[in-house]
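For reference, the structure discussed in these notes is given below.
A, B, ... follow the sequence lines: proteins, then strands. Residue 1 opens every chain.
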Number of protein chains: 2
Amino acid sequence: MKLLTGINTHVSDDQGELSSFCSLCRAVNVPRPTTTIASLRNVDVDRCQEVVLYGYLISQRKASSRLYFAEILDIDGCTSVQVKLDAAQVDQTLMNDFKSVRPYTPVSITGKLIKRASTVERSSTQTDDVAKINDVELSVKHMNILNEFPKDIIVATNTVIPPEQRHLQMRTDKNIRDSIRFRSRLCQAIRDYLCNHHKFTEVETPILFKSTPEGAHEFLVPTRTAGLAYALPQSPQQYKQILMASGISRYMQIAKCFRDEDLRADRQPEFTQVDLEMAFSGEEEVMAMVEGLVKHVFLTSGSPDHELSIHGFPRVTYEYAMSNYGSDKPDTRFDATITRIDYMLPADLVRKITDLTDPVVECIKLPIAKDPNNTRKFVNTFMDSIACKPFMNNPDGRPGIFIYNSRQPLGGLAALGFEAAEQLENSLCLEDGDLLVLQARPNKPFSGGSTMLGNLRLALHKVAVSQGLLPVPSGWNFLWVVEFPLFSPMTPDKPSSDIEEPTDPHLSDSTSFPLSDLGQLYPQLESTHHPFTAPLTAEDTELLLLDPTLAKAAHYDLVLNGVEIGGGSRRIHHTDLQRFVLQDILKLSEERMATFSHLLEVLRAGAPPHAGMALGLDRLIMLMLGKESVRDVIAFPKWGKGEDVLVKAPSRVDDEMWKRYHLKPIINV
Amino acid sequence: MKLLTGINTHVSDDQGELSSFCSLCRAVNVPRPTTTIASLRNVDVDRCQEVVLYGYLISQRKASSRLYFAEILDIDGCTSVQVKLDAAQVDQTLMNDFKSVRPYTPVSITGKLIKRASTVERSSTQTDDVAKINDVELSVKHMNILNEFPKDIIVATNTVIPPEQRHLQMRTDKNIRDSIRFRSRLCQAIRDYLCNHHKFTEVETPILFKSTPEGAHEFLVPTRTAGLAYALPQSPQQYKQILMASGISRYMQIAKCFRDEDLRADRQPEFTQVDLEMAFSGEEEVMAMVEGLVKHVFLTSGSPDHELSIHGFPRVTYEYAMSNYGSDKPDTRFDATITRIDYMLPADLVRKITDLTDPVVECIKLPIAKDPNNTRKFVNTFMDSIACKPFMNNPDGRPGIFIYNSRQPLGGLAALGFEAAEQLENSLCLEDGDLLVLQARPNKPFSGGSTMLGNLRLALHKVAVSQGLLPVPSGWNFLWVVEFPLFSPMTPDKPSSDIEEPTDPHLSDSTSFPLSDLGQLYPQLESTHHPFTAPLTAEDTELLLLDPTLAKAAHYDLVLNGVEIGGGSRRIHHTDLQRFVLQDILKLSEERMATFSHLLEVLRAGAPPHAGMALGLDRLIMLMLGKESVRDVIAFPKWGKGEDVLVKAPSRVDDEMWKRYHLKPIINV
């Protein structure tokens, strides 16, 4: 047989390798474990002597020429117990195996349980986060090596393991594994609260969804029918609204969503959201449900913050948040709120800090140091840093910096004029070393996610905290932000900045929705949330006819410690209103209108009122665990430009495969 | 302002429409429900008189000129209560609204609860599956219409609603909604069993996975980097194996998987599997875990079959299943097992039924009728049917059909020769009207999922059941099929047939894996399960060197009532063995080997032994609920050639969008 010949020819080349794997295959037929390492904690040694344990052998050490020790780490890497090998009691092969086996080798060990004479803790940095069983140890009788751990992989303390070896990162870092397990339990708690206690139904909505002409950020999935493609959903928004019209009155899903855009530390091309929608409900019902859910998961996952269970989350309007914090997701864990002061300033000062005519001028105070000289040093460092660059390049003018110093005339605020200096001194309770920052902005209604002064507030605070000048903010500051404008003036894609933090589409329950029509002549509006969001009141609905820019939305964001963790809205459930918004306010072309025909048809068929929300699961877990990046709470995150560096995706696809989808690569683009 | 002018111009056209939606928006500010309809069941009318209810108004009827009745269906469409409108007690507007409102209109009703004088049930076919509250009714005081239900949509009994209106299908058919809710509860029960009771961690693995050169059935997702693409996973197989090497010792996921192939009733381009993997485990541990899981979900979801909890699932080998049922997923709810009879047949008879030299000839018996004439009629109908076609075109020969008739010489089996006739009469206990079917096949080892006689057994049984000749099979016949061959001779893609039921890739925990190398000269092997499956024993491992076609696999399938509901295996955890299988047995090219380099690297780093399984969730639910198609248990299934006819996906993508991905459509292909 040719086939056999083929193999046999090969065998002669690799005889060593083959006999090696044949012997390793036999190792699978080893005795099954009789117990787990964790359950040795309360074991009765007198009644349970011979045990078989599975785990990873670590920390071998030689006590004498005949006595060797090691630890066996359980299969989840959480608990370890000492094993002892006495040369006098075992054969030479076992002793050699034991001496030479590499750390992290999976083994099965048969042995005798004995009480440990001394329970003195031996420090081992490799296993510092591992619980140790100290009152018993295992005297080895037999050991099976279940696989080899190669010599060229060194896992020692402080080894920095690259993401290409995510498996070793996870295996050697209990922190990562704990995050992944926490995530699993959190999802269970979410489903339990919503499905078991509040009658939600989890519905899997399709991943192979429809491409929309607006979907500048959607991934396409070509089909074998020429020209046709699916798109991966940016959110299950349309399907969940359809469910509301389908007699599923409470929907939830822990849903995978996709967005083809450049990565940041807290963004991934695929991300997970806790998605929900409630029929016959409005914003109050959804906010109450989500508030209950969030409190439940925080309290059941061991947050010590008892306050959470007592108080409702505060609510602020978009206008209030922007005026007082310069952000639609204010971090209220520290003060430094914004005060508008242009009415008290001399005109020549205003002209110095901005070229704008009729500007708004606002200020914040940060108590950087007691000694004005230290504050000066801080300011100088900050001004030289890259973090300061966007503020120095602000077309509305650079920030005006003042440091309060009671030894100087007017506390050093002379440039503000006598009146303003005195007024601010009193109203802001200025003390020595306080930093006062002035910033101008155009005098027009707020739009977007933040003002430059709001961004500067965060940047200054962050640097001051990192230098130990201000305390690290703590606590869980939840906040509802409501009364957003329903529409905003369309802005072209802004140049990205390190500070500017636009509303994160990951945490909204739908697509951000810039609906441009190239052909049009006058300023265009876009939906602040998404085009399915309802006007807040009947009056706001009437404003659609008069001046849609004034209409407020039935839209609510949930903010935690300055991070938007979710957003939602009551939806338009009436087909005529939805058509009017799409066609007459957002001015969709006929072709684009057609892509919404199914939704209009579904609403038309007697859809009940409904409202919903989406929480960004990755970011929520990141905050709960105090991690820096969502990558720390995802088992297999994407890196760099969306690469899974472990499995090496994305990968090159040859022309033949594209051909199957009636596509060909464009060369030299 | 131009913008406003634009809108105002439009307003004049549509004034009626706009005032209509303005009035409807006000309808959202209606009183909140004070109770649910279901909780009226035990209401104390004396203590709870005025209530507000939300729901859909249905079944209006006029009792007299001043008395109108209707029912209000709760928001989940499960319970209804009668509402009564007395013209003497309400204003004319309310009466007009009540008379004219269309069925399925969402409403809010304020009214007075009263005891119903008579609890005589009024039949209403529209709500036959709805629980009715009969001892109270609501006297209407006020009604808010929350949306319109249009006149042109007729929902009456027996209206066949097309899938384009999936929302109306779901809203009007409690059966579909019940299936969706069952699915949600089932997933909860699965997670509860595995995560809460058996220490599994649910891990979300990436949907944006790596394209493999073999992935003839994978969907591609182009990226903005020219030539690079992700692929949607056909299963989380590689990631779950990586998790085993990452210290997550028990992984589970209710995972979305994707497969770009033509649809059948029980296949979808996206499907869901219950995926699990266990480190330091072999096939016995996984089979025990899955058996426990399946019993748990059957028993907790209300299966009346107490037997399930007592007995273990039977096990048969692949060889046994193929010999006795002609299928690797035998339906054991009925007999008609296969008997090999060529040794007793006269050579001239064998030559009549096949052109094969040295064939195997097998037979089955089906007790179609007591009267041989009725069996004859059945056979004639079957032979003329399209279901019979593949058997008549079988290149190995047509089936030999005999009908036992004690009035004829040798019971009508004379053509079999005296000896065979007598032997079969005794061993098969032949009775009048029994159908005896003979079929030849080549005399070689079994491969693939079924034999022609196995298929014929199912086809004949199905038709006989549909004609009422044989009883409808019942019960839950679970079966483990084990000891599959590790490799099978590669077969080119078989022509599809209505009967042939190849192993369903949806229900396996990995890709089916035809790894062809075009350049090779001798017959090629493919993995029966997938190339990560371990040999069954050390002896089977050694057979890889001698004759891999004889090696058995540590592979197990779970079969329920003749349907494969899951499959799994112990995996190869040793990198040298995995490389040998890929390179020397499956003969992957260097380029293809490179696509597995990460997996080999992960195994090399001391991966522990591991095994796992995947259950097809859609199909499991379909069987549990007795549905005909997986479409009945998916909220938004794909139809036809993979279309979501509701949202109209896939859709046409223009050249500009392809360009973003450095692609262009090939015209005229």
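- Neither the backbone nor the side chain of A/Glu164 comes within contact range of chain B, judged by heavy atoms closer than 4.5 Å.
- Of all heavy-atom pairs between B/Ser211 and A/Ser651, the closest is O-OG, 3.4 Å.
- Between chain B and the options A/Asp173, A/Leu232, A/Ile248, A/Thr105, the largest number of non-hydrogen pairs under 4.5 Å is found for A/Ile248.
- Atom CD of B/Gln169 is separated from atom OG of A/Ser246 by 9.5 Å, given to the nearest 0.5 angstrom.
- Checked by atom type and distance alone, the side chain of B/Arg102 never pairs as donor or acceptor with a backbone atom of A/Gly606 at under 3.5 Å.
- Chosen from B/Ser108, B/Ala635, B/Gly247, B/Pro33, the residue pairing most often with chain A at heavy-atom distances under 4.5 Å is B/Gly247.
- For A/Asn196, the parts lying near chain B are the backbone and the side chain together; criterion is any non-hydrogen pair under 4.5 Å.
- Of the residues considered (B/Leu646, B/Leu208, B/Ile634, B/Thr205), B/Leu208 shows the highest number of contacts with chain A, using heavy-atom pairs under 4.5 Å.
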Carefully, step by step, assess B/Asp260 and A/Arg660 under the rule side-chain contact (heavy atoms from CB on, under 4.5 Å).
CA-CA 11 Å; B/Asp260 184 14; A/Arg660 177 176 153 89; 3.2 Å; yes
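- Only the side chain of A/Lys256 comes within contact range of chain B, judged by heavy atoms closer than 4.5 Å.
- A distance of 12.5 Å separates CG in B/Leu663 from OH in A/Tyr661, rounded to the nearest 0.5 Å.
- Looking at B/Gln165, only its side chain comes within 4.5 Å of chain A, counting heavy atoms on both sides.
- For a residue to count as touching a neighbouring chain, one of its non-hydrogen atoms must lie under 4.5 Å from one of that chain's; by this rule A/Arg191 touches chain B with backbone and side chain alike.
- Among residues two or more places apart in sequence or in another chain, the side-chain contact (heavy atoms from CB on, under 4.5 Å) test is passed with A/Thr575 by A/Arg579, A/Leu600, A/Leu603, A/Arg604.
- Annotation: side chain of B/Met657 is in contact with side chain of A/Glu218 (closest heavy-atom distance under 4.5 Å).
- Ion pairing between a basic and an acidic side chain is recognised when a charged N comes within 4.0 Å of a carboxylate O; B/Asp76 and A/Lys199 show no such pairing.
- Of the atoms belonging to A/Ile153, it is side-chain heavy atoms, and not backbone ones, that fall under 4.5 Å from chain B.
- For the atom pair A/Arg166 CZ and B/Leu243 CG, the distance stands at 10.0 Å (nearest 0.5 Å).
- Atom OG of B/Ser249 and atom OH of A/Tyr54 lie 13.0 Å apart (nearest 0.5 Å).
- Residues B/Ser184 and A/Met252 have side chains not in contact (no heavy-atom distance under 4.5 Å, counting atoms from C-beta outward).
- In this structure, B/Phe219 and A/Tyr230 have perpendicular ring planes: the angle between them is above 60°, well past the 30° mark.
- Crowding of A/Lys174 atom NZ: a count of heavy atoms from other residues, nucleotides or ligands under 6.0 Å exceeding 12.
- Heavy-atom distances place the side chain of A/Leu168, and not its backbone, under 4.5 Å from chain B.
- Residues forming a side-chain contact (heavy atoms from CB on, under 4.5 Å) with B/Thr225 (at least two apart in sequence, or on another chain): B/Thr223, B/Leu228.
- Comment: A/Arg32 does not engage B/Glu284 in a salt bridge, judged by the lack of any side-chain N to carboxylate O separation of less than 4.0 angstrom.
- Aromatic ring orientation, A/Tyr56 versus B/Phe280: perpendicular (interplanar angle above 60°, classes split at 30° and 60°).
- Taking chain A as the reference chain and counting heavy-atom pairs below 4.5 Å, the highest number among B/Gly227, B/Ala279, B/Pro665, B/Ala231 is found for B/Gly227.
- Taken to the nearest 0.5 Å, the CD atom of A/Glu204 stands 9.0 Å off from the CD1 atom of B/Ile180.
- Interface residue B/Phe258: only side-chain heavy atoms are found under 4.5 Å from chain A.
- Annotation: maximal heavy-atom pairing with chain A below 4.5 Å, among B/Pro650, B/Ala534, B/Ala607, B/Ala649, occurs at B/Pro650.
- In terms of heavy-atom proximity, A/His167 sits nearest to B/Ile242 at CB-CG2, 4.0 Å.
- With respect to the salt-bridge test (charged N to carboxylate O, under 4.0 angstrom), the residues A/Asp644 and B/Lys210 do not qualify.
- Neither the backbone nor the side chain of B/Gln238 comes within contact range of chain A, judged by heavy atoms closer than 4.5 Å.
- Between chain A and the options B/Asp540, B/Leu220, B/Val653, B/Ile254, heavy-atom pairs under 4.5 Å are most frequent for B/Leu220.
- The side-chain heavy atoms of B/Lys641 and A/Arg224, taken from C-beta on, include no pair separated by under 4.5 Å.
- Proximity of a side-chain donor or acceptor of A/Arg171 to a complementary backbone N or O of B/Ala245 within less than 3.5 Å is detected.
- Side-chain contact between A/Lys648 and B/Ser597 is present, with at least one heavy-atom pair separated by less than 4.5 Å.
- Comparing A/Pro637, A/Pro150, A/Ala554, A/Pro608 by heavy-atom pairs within less than 4.5 Å of chain B, the highest count is held by A/Pro150.
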Determine, stepwise, if the pair A/Ile666 / B/Trp658 fulfils side-chain contact (heavy atoms from CB on, under 4.5 Å).
CA-CA 10 Å; A/Ile666 302 172; B/Trp658 288 125; over 6 Å; no
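- Counting heavy-atom pairs closer than 4.5 Å to chain B, the top-ranked of the candidates A/Ile572, A/Val647, A/Thr201 is A/Val647.
- When the candidates B/Cys187, B/Gly77, B/Pro222 are compared by the number of heavy-atom contacts under 4.5 Å with chain A, B/Pro222 comes out ahead.
- Closest approach of B/Cys195 to A/Gln188, counting heavy atoms only: CB-NE2, 3.6 Å.
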